[in-house]
Amino acid sequence: MTVITGRHLVAVTACVSGVAHTYMAAERLEKLCQQEKWSVHIETQGALGIENELTDGDIRRADVVLLITDIELAGSERFEHSRSVKCGINAFLRDPQKVMSVVRKVLTAPQHTHVIVE
């Protein structure tokens, strides 16, 4: 398998309580992106509010947006024109490779492609 380098991913992680799982998912994603040699910017929406908020420029430059969430995200309309993959926190933590496989496939999809991973 050929690893595509130079990709840029942006993500938002958020869970119901906004504590542990939000940050666990962000940490796991950072490690996966390091393995893929992708840059990543992760916004968290948790008990402390929005941290590391994504800018419009971050979103425009992103090859794919990954939304790892169990709640309605604040500002979700920002991602309507981007390629995006959405999954629940538990689905991501249980099988992150499955989610990253879908992200890889979406890299070649047209803009405005939105995929939900169960």
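Since the structure is predicted, the reported quantities are computational estimates derived from the model, not experimental observations.
By the criterion of side-chain heavy atoms lying less than 4.5 angstrom apart, applied directly or through intervening Ile, Leu, Val, Met, Phe, Trp or Tyr residues, Leu9 is grouped together with Met24 in one hydrophobic cluster. Val64 and Val99 fall within the same hydrophobic cluster, defined by Ile, Leu, Val, Met, Phe, Trp and Tyr side-chain heavy atoms under 4.5 Å apart, directly or through other members. A continuous path of hydrophobic side-chain contacts links Val115 to Leu32 [ILVMFWY only; heavy atoms under 4.5 Å].
Between Gln35 atom CD and Lys31 atom NZ the span is 9.5 Å, to the nearest 0.5 Å. Going from atom NE2 of His41 over to atom CD1 of Ile59 covers 9.5 Å, rounded to the nearest 0.5 Å.
The 12-atom threshold is exceeded at CD1 of Ile71, counting heavy atoms of other residues, nucleotides or ligands nearer than 6.0 Å. Heavy atoms from other residues, nucleotides or ligands lying under 6.0 Å from CD of Glu51 number more than 12.
Every residue two or more places apart in sequence or in another chain that forms a side chain to side chain contact (heavy atoms under 4.5 Å, CB included) with Ala25 is listed here: Thr13, Ile68, Ile89, Phe92, Leu93. His81 is linked by a ring pair (Phe, Tyr, Trp, His ring centres under 6.0 Å) to His112, counting only residues two or more places apart in sequence or in another chain.
For the pair Gln111 and Thr113, the minimum side-chain heavy-atom distance is 4.5 Å or more. Counting heavy atoms from C-beta outward, Ile42 and Asn52 have side chains that stay 4.5 Å or more apart. In this structure the side chain of Phe79 never reaches within 4.5 angstrom of the side chain of Lys86, judged on heavy atoms. Counting heavy atoms from C-beta on, the side chains of Ser84 and Leu66 never come closer than 4.5 Å. For the pair Val10 and Val40, the minimum side-chain heavy-atom distance is 4.5 Å or more. Residues Val85 and Val65 fail the side-chain proximity criterion, which asks for heavy atoms closer than 4.5 Å. You'll find the side chain of Leu73 reaches within 4.5 Å of the side chain of Leu67, heavy atoms only.
Put simply, the side chain of Gln45 gets close to the backbone of Ala74: a donor and an acceptor are under 3.5 Å apart.
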- Let me see the working for Ile50 and Thr44 under side chain to side chain contact (heavy atoms under 4.5 Å, CB included), right down to the final yes or no. CA-CA 6 Å; Ile50 296 175; Thr44 56; over 6 Å; no
- Evaluation steps, side chain to side chain contact (heavy atoms under 4.5 Å, CB included), between Trp38 and Met100: CA-CA 12 Å; Trp38 294 349; Met100 294 306 285; 3.5 Å; yes
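Considering every non-hydrogen atom in both Ser17 and Ala47, the closest pair reads O-CB, 4.2 Å. Nearest heavy-atom pair across Leu29 and Ala11 is CD2-CB, 3.4 Å. Nearest heavy atoms, Thr108 versus Lys105: OG1-O, 3.2 Å.
For residues 54-83, the salt bridge (Lys or Arg N to Asp or Glu O under 4.0 Å) pairs, not counting sequence neighbours, are Arg7-Asp63, Glu43-Arg78, Asp58-Arg61.
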